[in-house]
Student: 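The structure that follows is given in the form of structure tokens.
Along the sequence shown, residues are numbered consecutively beginning with 1. Keep in mind that what you see is a predicted model, and the values were worked out from it rather than measured.
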Amino acid sequence: MRLILLTTLVMIAFAANSILGRWAIGPGHMDATGFGLLRLGSGAAMLWVLCLLQGQRPTEGWRRSLAGGASLTLYMVGFSVAYAALDAGLGALVLFGVVQVSMFGWGLIRGQATAPLQILGAGLALAGLAYVVWPGGEVTAPLWAVLSMGAGGLGWGIYSLVGRGAKASLPASAANFALATLMILPAVWILGGGSVVTPFGCLLAVISGAVTSGLGYALWYRVLPQIAGPVAATVQLSVPVIAILAGTLLLGEPLGPRLILGTLAVLGGIAVGIFCAPKRRG
């Protein structure tokens with residue numbers, strides 16, 4: 001039960017990141033790459049302060065830290081590049097669809113046991129997500145934007161896979177964020193990051209970085225070693241749905257039958273994936 005509660009808290013933090021990002025970038029309070037840079041920098045600062053207060057130091061090897069930092073950078077850059085050109089719902093579907101494929105695929109390559117019902121559950125949850133977020137009318141999506149969002153999904157999938165082997169979640173996350181802050185600088189310069197900056201946008205970026213990203217990602221690294229890869233992949237499909245449901249509560253957006261049915265499909269698929277997972281040998 002404690003593990004389920006912690007995982008739920010992580011998904012809520014991820015959904016809050018989505019809301020904060022849309023709130024800052026959508027209305028033009030901050031550009032996407034500048035938001036990503038400040039988000040990473042504030043997250044790194046928060047995590048390192050916590051490490052100093054608790055007397056913790058990074059214990060991961062340099063290869064794992066580089067992999068974590070590089071994959072986090074790929075996620076941030078891929079998402080930032082595609083954000084303005086891709087419908088939000090379609091972008092979420094591409095992003096989390098690639099996360100599913102990458103994490104399930106890696107598990108199969110490593111010979112990890114995966115029950116057929118887990119795959120069925122993941123498919124049901126993904127179909128429910130598609131039903132909720134698929135934009136109405138004719139959809140036009142530039143190929144480069146789809147590929148960029150796919151690269152972001154691949155980056156997040158790798159980041160999650162790297163986290164499954166983390167020895168200490170807090171210092172590992174601190175190292176990842178610090179390295180990603182440096183790695184993203186060339187992309188920010190090339191893409192003209194920082195061209196749109198407002199005090200309110202900076203505030204949202206700092207909250208996203210220091211709280212929902214820094215602490216949320218550290219908690220994710222703490223949870224990941226305790227759950228199977230396919231389960232970790234499937235539960236993340238709840239993030240866009242949580243963000244949409246939060247919009248109905250906070251912004252008064254309508255709660256229609258499409259959202260209700262899609263949410264039930266996502267939650268049902270996640271439940272199947274969790275309860276049908278092969279038992280670990282211990």
Side-chain angles (χ1 to χ4, degrees), residues 2-18 20-21 35-80 99 102-103 106-107 110 152-188 205-229 231-233 235-236 239 280:
R2 182 171 179 271
L3 182 59
I4 292 176
L5 291 175
L6 289 177
T7 305
T8 302
L9 183 60
V10 172
M11 297 304 109
I12 293 173
F14 290 173
N17 271 328
S18 175
L20 290 168
F35 182 89
L37 174 61
L38 186 54
R39 177 182 170 187
L40 286 171
S42 56
M46 169 64 83
L47 291 168
W48 279 109
V49 167
L50 292 176
C51 285
L52 291 174
L53 291 176
Q54 297 184 17
Q56 297 189 43
R57 295 181 180 180
T59 57
E60 308 294 329
W62 65 269
R63 291 183 179 178
R64 183 174 292 276
S65 295
L66 282 177
S71 57
L72 183 56
T73 304
L74 179 60
Y75 162 67
M76 289 286 184
V77 173
F79 175 83
S80 298
V99 171
S102 60
M103 295 190 71
W106 183 249
R110 295 293 299 271
L154 179 62
W156 183 253
I158 296 172
Y159 186 78
S160 297
L161 290 168
V162 170
R164 289 179 53 73
K167 299 176 182 177
S169 59
L170 189 63
S173 299
N176 292 340
F177 268 73
L179 288 169
T181 302
L182 297 176
M183 292 178 179
I184 202 175
L185 288 175
V188 173
V206 169
I207 294 173
S208 176
V211 183
T212 54
S213 290
L215 300 182
Y217 289 16
L219 185 56
W220 183 230
Y221 262 35
R222 180 180 175 183
V223 168
L224 276 168
Q226 304 176 58
I227 56 179
V231 173
V235 295
Q236 294 182 76
V239 173
R280 290 189 175 187

Student: For V239 and M11, work out which heavy atoms get closest and say how close.
Tutor: CG2-SD, 3.7 Å
Student: Determine, step by step, whether W156 and S71 satisfy the side chain to side chain contact (heavy atoms under 4.5 Å, CB included) criterion, reporting the C-alpha distance in whole Å, the side-chain angles of both residues, the deciding distance to 0.1 Å, and the verdict.
Tutor: CA-CA 6 Å; W156 183 253; S71 57; over 6 Å; no
Student: Do L66 and M183 have side-chain heavy atoms sitting under 4.5 Å apart?
Tutor: yes
Student: Could you tell me if the side chain of Y221 sits less than 4.5 Å from the side chain of S160, heavy atoms only?
Tutor: no
Student: Heavy-atom distance under 4.5 Å between the side chains of L40 and L72, does that happen here?
Tutor: yes
Student: Going from OG1 on T7 to CD1 on I227, what distance comes out if it is rounded to the nearest 0.5 angstrom?
Tutor: 5.0 Å
Student: Step by step, work out the side chain to side chain contact (heavy atoms under 4.5 Å, CB included) result for R164 and W106.
Tutor: CA-CA 12 Å; R164 289 179 53 73; W106 183 249; over 6 Å; no
Student: Looking at P225 and A166, what are the two nearest heavy atoms and their distance?
Tutor: CG-O, 4.2 Å
Student: Donor-acceptor pairs are to be reported for all side-chain atoms of residues 45-57 against protein atoms at under 3.5 Å, with residues two or more places apart or in another chain.
Tutor:
from : atom 1 : to   : atom 2 : distance (Å)
W48  : NE1    : A174 : O      : 3.2
Q54  : OE1    : Q56  : NE2    : 2.6

Student: Closest heavy-atom contact between F35 and S208?
Tutor: CZ-CB, 4.0 Å
Student: Return the minimal non-hydrogen interatomic distance between S65 and L179, and the atom names on each side.
Tutor: O-CD1, 3.4 Å
Student: Compare all side-chain heavy atoms of S102 with those of I158 and state whether any distance is below 4.5 angstrom.
Tutor: no
Student: Within this structure, what is the CZ-CG distance for the pair F14 and L9, rounded to the nearest 0.5 Å?
Tutor: 10.0 Å
Student: What's the spacing between N176 CG and T73 OG1 if we round to 0.5 Å?
Tutor: 9.0 Å
Student: Report the C-alpha separation of L219 and L215 in whole Å, then their side-chain angles, then the decisive distance to 0.1 Å, and conclude whether the side chain to side chain contact (heavy atoms under 4.5 Å, CB included) test is met.
Tutor: CA-CA 6 Å; L219 185 56; L215 300 182; over 6 Å; no
Student: List for me each residue that meets salt bridge (charged side-chain N to carboxylate O under 4.0 Å, His left out) alongside R222, sequence neighbours excluded, and say none if there are none.
Tutor: none
Student: If you measure from CG on L38 to CD1 on I184, what distance do you get to the nearest 0.5 Å?
Tutor: 11.0 Å
Student: What closest approach, in Å, do A232 and M103 show between heavy atoms, and which atom pair accounts for it?
Tutor: CB-CE, 3.9 Å
Student: Once the angle between the rings of Y217 and Y159 is folded into 0 to 90°, is it parallel (under 30°), tilted (30 to 60°) or perpendicular (over 60°)?
Tutor: tilted
Student: Restricting to non-hydrogen atoms, name the atom on S213 and the atom on R39 that form the minimum distance, rounded to 0.1 Å.
Tutor: OG-NE, 2.8 Å
